[in-house]
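Keep in mind it's a predicted model, so treat the numbers as computed, not measured.
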Amino acid sequence: MLIRHAKITEGYEIEALVKLCAEDSEGMMITPEEANGRISKSMLNGFTHTMVVEVEDMLVGVIMGTMGMTKSSAHNMELAMCIHPSFREHKIGTQLMSIFVNEYSYMNLFADVSESNSVIIKLLQGLNFKEVGRVPKAIKEKSGYKDKLILFYYG
């Protein structure tokens, strides 16, 4: 297993992984349709930092940190992560998030998470993220509307 910074040429491969994760997991904050074209474009904008997990030349995990785009928000970074369904429950996500957080801990790191995504909530809390806000019924999922949790990193 190799955790490294993504290459700019991997945008479409990362996009395919995000689509797969969105199709497999109801708790994702992005739909497969929203991922189409959006992920590869965000890698080109200069405001997004991306790391991947590679196993036997296959991308199996990705984390993206998107910085604010104005002077007043440039120190904020929103995190989003997905792990290939076949590679979950092997602590790959914990290792990826830990390395990313360590590298970018000088930023104000936060994540918007569906209340139904208990796995990522537990992972983030284990890395010292704390819930700082909640938006009631902000996320439409197949099972109904869910609260969006805002978790902030307290290094």
For His90, the side-chain hydrogen bond (donor to acceptor under 3.5 Å, both in side chains) test, sequence neighbours excluded, returns none
Query raised in the report: With a 4.5 Å limit on heavy-atom distance, are the side chains of His84 and Cys21 in contact?
Result: no
Grouping ILVMFWY residues whenever side-chain heavy atoms fall under 4.5 Å, the cluster of Leu2 otherwise contains none
Quick note, salt bridge (charged side-chain N to carboxylate O under 4.0 Å, His left out) partners involving residues 126-138, not counting sequence neighbours, are Glu115-Arg134, Glu131-Arg134, Arg134-Asp147
Sorted by chain and residue number, the side-chain hydrogen bond (donor to acceptor under 3.5 Å, both in side chains) partners of Ser73 (sequence neighbours excluded) come out as Thr70
Worksheet item: Under a 4.5 Å side-chain heavy-atom rule over Ile, Leu, Val, Met, Phe, Trp and Tyr, are Phe110 and Leu96 clustered together?
Response: no
key: Cys82 vs Leu17, side chain to side chain contact (heavy atoms under 4.5 Å, CB included): CA-CA, chis, key distance, verdict   = CA-CA 8 Å; Cys82 78; Leu17 175 59; 3.9 Å; yes
Review point. With a 4.5 Å limit on heavy-atom distance, are the side chains of Ile14 and Thr50 in contact?
Key: yes
May I ask whether Ile139 and Val119 are part of the same hydrophobic cluster, defined by side-chain heavy atoms of I, L, V, M, F, W, Y residues being less than 4.5 angstrom apart, directly or through others?
no
Can you tell me if Glu10 uses its side chain to pair, donor with acceptor, with the backbone of Lys7 under 3.5 Å?
-> yes
*Are Ile150 and Val113 co-members of a hydrophobic cluster defined by side-chain heavy atoms under 4.5 Å apart?*
no
Let me check something: do Val132 and Leu109 share a hydrophobic cluster, defined by ILVMFWY side-chain heavy atoms less than 4.5 Å apart, either directly or through other members? no
Residues pairing under ring pair (Phe, Tyr, Trp, His ring centres under 6.0 Å) where one sits in residues 124-155, two or more places apart or in two chains, turn out to be Phe129-Tyr153, Phe152-Tyr154
Residues pairing under ring pair (Phe, Tyr, Trp, His ring centres under 6.0 Å) where one sits in residues 44-75, two or more places apart or in two chains, turn out to be His49-Tyr104
Sequence neighbours left out, cut at 3.5 Å: what donor-acceptor pairs do the side chains of residues 51-66 make with other protein atoms?
| unit_1 | atom_1 | unit_2 | atom_2 | d |
| --- | --- | --- | --- | --- |
| Glu54 | OE1 | Arg4 | NE | 2.8 |
| Glu54 | OE1 | Arg4 | NH2 | 2.8 |

The side chain to side chain contact (heavy atoms under 4.5 Å, CB included) partners of Leu123 (sequence neighbours excluded) come to Met81, Thr94, Met97, Ile120, Leu127
Note: Leu20 and Pro85 closest approach over all heavy atoms is CD2-CD, 3.7 Å
State, with a plain yes or no, whether a side-chain heavy atom of Glu78 is found less than 4.5 Å away from one of Asp112. yes
Go through it in stages, so that I can follow the logic: the residues are Phe100 and Met77, the test is side chain to side chain contact (heavy atoms under 4.5 Å, CB included), and I'd like the CA-CA distance, side-chain angles, deciding distance and then a yes or no. CA-CA 11 Å; Phe100 192 92; Met77 183 181 281; 3.7 Å; yes
Residues at least two apart in sequence or cross-chain that pass side-chain hydrogen bond (donor to acceptor under 3.5 Å, both in side chains) with Gln95, listed by chain then number, are none
Across all chains, not counting sequence neighbours, the side chain to side chain contact (heavy atoms under 4.5 Å, CB included) partners of Ala138 are Val135, Lys148
